[in-house]
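Letters go in sequence order (proteins before strands), and every chain restarts at 1. Note that this is a predicted model, so its numbers are computed, not measured.
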Amino acid sequence: MRLFKILYVHLSAWVIFALMSYLDELNDVQREAVIHSDGPTLIVAGPGSGKTRVLTYRIAHLLNKGADPFGILALTFTNKASEAMRARIEKISGNNARSLYMGTFHSVFARILRVEAPKIGYPSNFTIYDAEDSKSLIKTIIKEQGLDDKIYKPNQVYNRISSMKNSLITPQAYAQDGELLTEDQNQRRPATGTLYQIYCDRCFKSGAMDFDDLLLNTHVILEKFPDVLYRYQHKFRYVLIDEFQDTNYLQYEIVRKIADVFQNITVVGDDAQSIYAFRGATIDNILNFEKDFPELKVYKLEQNYRSTQKIVKAANELIHRNKNQIKKEIWTQNDKGEDIKIVRTPSDNEEGRWVADSIQELKFREQYKNNDFAILYRTNAQSRAFEEALRRLNIPYKIYGGMSFYQRKEVKDLLSYMKLTVNHNDEEALKRVINYPARGIGQTTLDKIGIIATNEGKSMWEVLDTIFMTDFSARTKNAIEEFVMMIKSFAAQQLKMTAYDLAAHIGKTTKLIAELYNDKTVEGIARYENIQELLNSIKEFVEDDEVAENISAEDAAGLANDKTLGSFLQTVTLLTGDEKSAENIDSVKMMTIHSAKGLEFPTVYVVGLEENLFPGAQSLYSLEDLEEERRLFYVAITRAESRLFLTYANTRYKFGQLNYCEASRFIQEVPENVVSYHGDLKKPKVHQPQHQPISTFSRIVSPASPKPISQPVQSHPIEPFIPDDANTLQTGMEVLHEKFGEGKVVSIEGSGVNKIASIFFSAYGVKKIMLKFAKVKILSGGN
DNA sequence: GTGGGATCGGTTTTT
DNA sequence: CCGATCCCAC
């Protein structure tokens, strides 16, 4: 018997081993981390240390050892990361990979909530509000409450609500929290708590959850229903988390609860790459992790397989400047490599051209492919100059992030019809489409409906559905009834049609497609194509017929083989970019540094390295913020395998306004590197202060300034006139002068680039002149 | 209720 | 520059 057992163990070990040639690809620490048996595990992994590989192999290893794929919960932060991981696991372990509970926190919990949400009164067909929907709802509430949206900025209110949810502070708790209330008081926003409460109520009534709710409600259910918690604790025998340094309190609390029974929790992270503090991520989670799971086994992956020595050295020196860090040193056996190049260009446009030229040259000289290049920037808005330059050289490129396909107006419109079909109570979807295309249900009507809904405690849809009971005009009632009938007819066909047919049917019946088709402008055609593209993607979604068999209803919910419209909508709202679109075409990649995390490229350009842009102006006031920016820079440079360029521009447009920029402090922090300059440093002729006092302007003015137009001369500063190109510097006053002779500024209204100057000209009397960009427009006065 | 022109204000970063 | 909003004429 005993012999048998030994034999059996040996045999199965041998079989497993045969399947595991992949283990050969790992170094010792990596391998240990992969095969490490049960229990809590922390893998501290520097950039390029094979972190994703370890995580994927660990999962594959579990599967190969016979673990139930439905019992593995693997959480990532981006769809990109989870798809990449799934693909790699599939290669090793085959189809099982499709059954894993693997995805972003949001998508996995959304999937769980489809089943569990009814426990807290949500319908299982709840829709998901993206940030735009949420802000729009907040704005409506602010208006309804008679508050000023200049003081209660929807964006800020949204962020505050979001951070409350992520800290598990309920509206009730908020209302009793002295500290928070004082904060609001100080910011002149005493009603924030009320807004929070109403916002939650409204989402609930609309049967909608925002991004944070997907986490929050999961937590609420696990807390409130011990039986549910018990079920998931026993279901998920293994829990794995990627990019653990980016989890926030709420996310950590959920996984901590779930992993509490088996304690098989593996987290992978690197404090030096924590770049999401702004949405609540905290390094405390790592510290708490050690406390909450004392049995913890720690692995440190410090060998870098990605970059040259020079890059690794630069990264180390840079990150060591941070006070807040867990000391570690990455090292590499790779070649020494080339110098890191620092490049200054005269303007943002020339920065674009320089980078494009450089790519062109390297492609030619080193036989690189487009895929080998990435351009990384701090903000999405920076992509423009590079796009233009690359297009000029016919270099294909792909931009990740920014406005995603699914956030485009026309796409969201059609999606909103679908959302409304699935969940009639979705107020944001309703408001979006009820009068688009125009069907005579205008703002006034909508406002009234809103009021009735609030008064009677109904959703807007319920009011519409019983519109015959109201005293709207016959015309309005007809329009509304027709609309309601239409949506109901869509809903009735949900079960009879595939998601694709239904979507196409909706597009046709609502005349939305026709409306776009008739618009023959360039944008109109693009919009029409986007709708076609959307329909295509639904078709693809429907036809991707990989089916997992013999699974429970619970596991089926939201799985890849759920082809309902609702399932498509969920997938799509949790998608950020258009991840699906051809990864394989050979193109230069452009993205923010945030979305570059986890990726690597032979050649990387980190661009826009200017003070106030990177690090951003808002980050200069606290050490924490500055250090987060530095970690971001660390992430950026460690994406590079062999070539790294750091570029910055001497001048840059911002809202059409030309600004002079200085090199980022981070550039000085990169050691021993060649600096190459391109073009002349433009000595700012106009460098004078952004803020020139009015009196300076008055100097070019005729001597006898006639009197006095009643407006007092204000002491507002006026910005120097904006040249339309770095080369044509000419002040606005010079333009005006040429045109009208001499004059004097008597007052300035407006702000930003939309200044209006009332200027007196001897020949014409007072004129209002708009100083916008390089254009001068006479608005009033004279002839 | 609809559509056009004038006006105003805004840039981190992501699910 | 570009979207949201306000105001005014149909």
Side-chain angles (χ1 to χ4, degrees), chain A residues 75-82 103-110 128-132 134-136 139 143 149-150 153-155 159 162 166 209-215 243 246-248 250-251 274-281 376-382 384 400-404 407 409 435-446 473 475-476 479 523 573-577 591-597 608 612-619 625 628-629 631-632 635-636 652-657 722 724 749-756 768 770 772-775 777 779-780:
Chain A
L75 298 167
T76 63
F77 276 80
T78 63
N79 296 298
K80 222 190 284 169
S82 94
T104 61
F105 278 84
H106 293 85
S107 68
V108 169
F109 294 142
I128 300 171
Y129 279 173
D130 64 16
E132 194 191 341
S134 300
K135 284 176 201 170
S136 144
K139 199 165 176 184
K143 287 213 179 117
D149 66 357
K150 301 243 157 62
K153 297 206 175 127
N155 223 330
N159 287 335
S162 169
N166 284 303
M209 296 194 198
D210 67 14
F211 287 147
D212 301 315
D213 288 333
L214 296 175
L215 309 175
E243 307 283 10
D246 291 332
T247 45
N248 64 32
L250 173 53
Q251 290 163 328
S274 160
I275 54 176
Y276 283 105
F278 72 91
R279 78 174 185 208
L376 308 181
Y377 34 76
R378 176 69 240 266
T379 68
N380 281 307
Q382 284 166 256
R384 201 210 77 249
Y400 287 87
M403 167 95 82
S404 117
Q407 291 171 332
K409 183 189 174 304
N435 201 31
Y436 181 78
R439 49 175 76 84
I441 310 172
Q443 196 54 52
T444 339
T445 311
L446 216 50
S473 73
R475 202 160 65 129
T476 311
E523 298 86 11
T573 19
L574 294 177
L575 228 50
T576 39
M591 66 194 88
T592 63
I593 301 165
H594 281 90
S595 38
K597 189 145 73 162
N612 297 330
L613 180 59
F614 191 16
Q618 358 56 234
S619 318
D625 289 346
E628 177 154 334
E629 295 280 300
R631 290 194 294 268
L632 194 57
V635 170
R652 178 177 299 277
Y653 281 95
K654 204 177 180 181
F655 301 141
Q657 178 116 247
I722 308 128
D724 58 354
E749 315 158 14
S751 64
V753 286
N754 299 294
K755 288 199 189 332
I756 295 177
K768 275 200 164 183
M770 184 188 256
K772 188 168 178 168
F773 313 116
K775 287 158 214 143
K777 205 165 177 184
L779 299 171
S780 65

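- Spacing between atom OH of Tyr436(A) and atom C1' of dG1(B) amounts to 17 Å, rounded to whole angstrom units.
- Without hydrogens or angle criteria, Asp246(A) side chain to Ser274(A) main chain gives no donor-acceptor distance under 3.5 Å.
- A residue-by-residue look at Ala131(A) and Ala438(A) shows that Ala438(A) has its nearest nucleotide of DNA chain B further toward the 5' end.
- For the residue pair Gly608(A) and Phe614(A), the shortest heavy atom distance occurs at O-CB, 3.9 Å.
- For Asp149(A) (side chain) and Lys153(A) (main-chain N/O), no donor-acceptor pair under 3.5 Å exists by modelled atom type.
- Residue Thr445(A) is in sugar-phosphate contact alone, with no base atom involved, counting any heavy-atom pair closer than 4.0 Å across all strands shown.
- Every side-chain contact (heavy atoms from CB on, under 4.5 Å) that Thr104(A) has, sequence neighbours left out, goes to Thr76(A), Asn79(A), His106(A), Ser107(A).
- Residue Tyr400(A) contributes atom OH, which lies 19 Å from atom C1' of dT13(B) at whole-angstrom precision.
- If you check every strand for non-hydrogen atoms under 4.0 Å, Asn380(A) touches sugar and phosphate atoms only.
- With salt bridges taken as basic N to acidic carboxylate O contacts below 4.0 Å, none links Lys135(A) and Glu132(A).
- Residue contacts for Asn435(A): at a heavy-atom cut-off of 4.0 Å it reaches the sugar-phosphate backbone alone, with no base atom in range.
- In this structure, of dT11(B), dT13(B), dT2(B), it is dT11(B) that holds the atom nearest to the side chain of Asn155(A).
- Phe105(A) comes within 4.0 angstrom of no nucleic acid atom, judged by non-hydrogen atoms across all strands.
- For Asp212(A) and dT14(B), the CG to P distance is 16 Å, given to the nearest whole Å.
- With centroids closer than 5.5 Å and planes inclined by less than 30 degrees as the test, Phe77(A) and the base of dT14(B) fail to qualify as a stacked pair.
- Using a 4.0 Å heavy-atom distance criterion, Gly440(A) is classed as a sugar-phosphate-only contact.
- Side-chain nitrogen and oxygen atoms of Ser595(A) include at least one within less than 4.0 Å of the OP1 or OP2 phosphate oxygen of dT14(B).
- Taking atom CG of residue Leu613(A) and atom P of nucleotide dT11(B), one finds them 15 Å apart after rounding to whole Å.
- We find that NZ of Lys409(A) is positioned 13 Å from C1' of dA4(C), with the value rounded to whole Å.
- Going from atom CG of Asn612(A) over to atom P of dT13(B) covers 16 Å, rounded to whole Å.
- Residue Thr444(A) is in sugar-phosphate contact alone, with no base atom involved, counting any heavy-atom pair closer than 4.0 Å across all strands shown.
- Considering only side-chain N and O atoms, Asn79(A) lies nowhere under 4.0 angstrom from the phosphate OP1 or OP2 of dT14(B).
- Nucleic acid contact class of Tyr276(A) (heavy atoms, under 4.0 Å, all strands): sugar-phosphate only.
- If you measure from atom OH of Tyr653(A) to atom P of dC2(C), you get 14 Å, rounded to the nearest angstrom.
- Between the CZ atom of Arg475(A) and the P atom of dT2(B) there is a distance of 9 Å, given to the nearest Å.
- The side chain of Lys153(A) has dG10(B) as its nearest neighbour among dT14(B), dG10(B), dT11(B).
- Heavy atoms only, all atoms of each residue included: Thr379(A) and Thr592(A) are closest at C-CG2, 4.2 Å.
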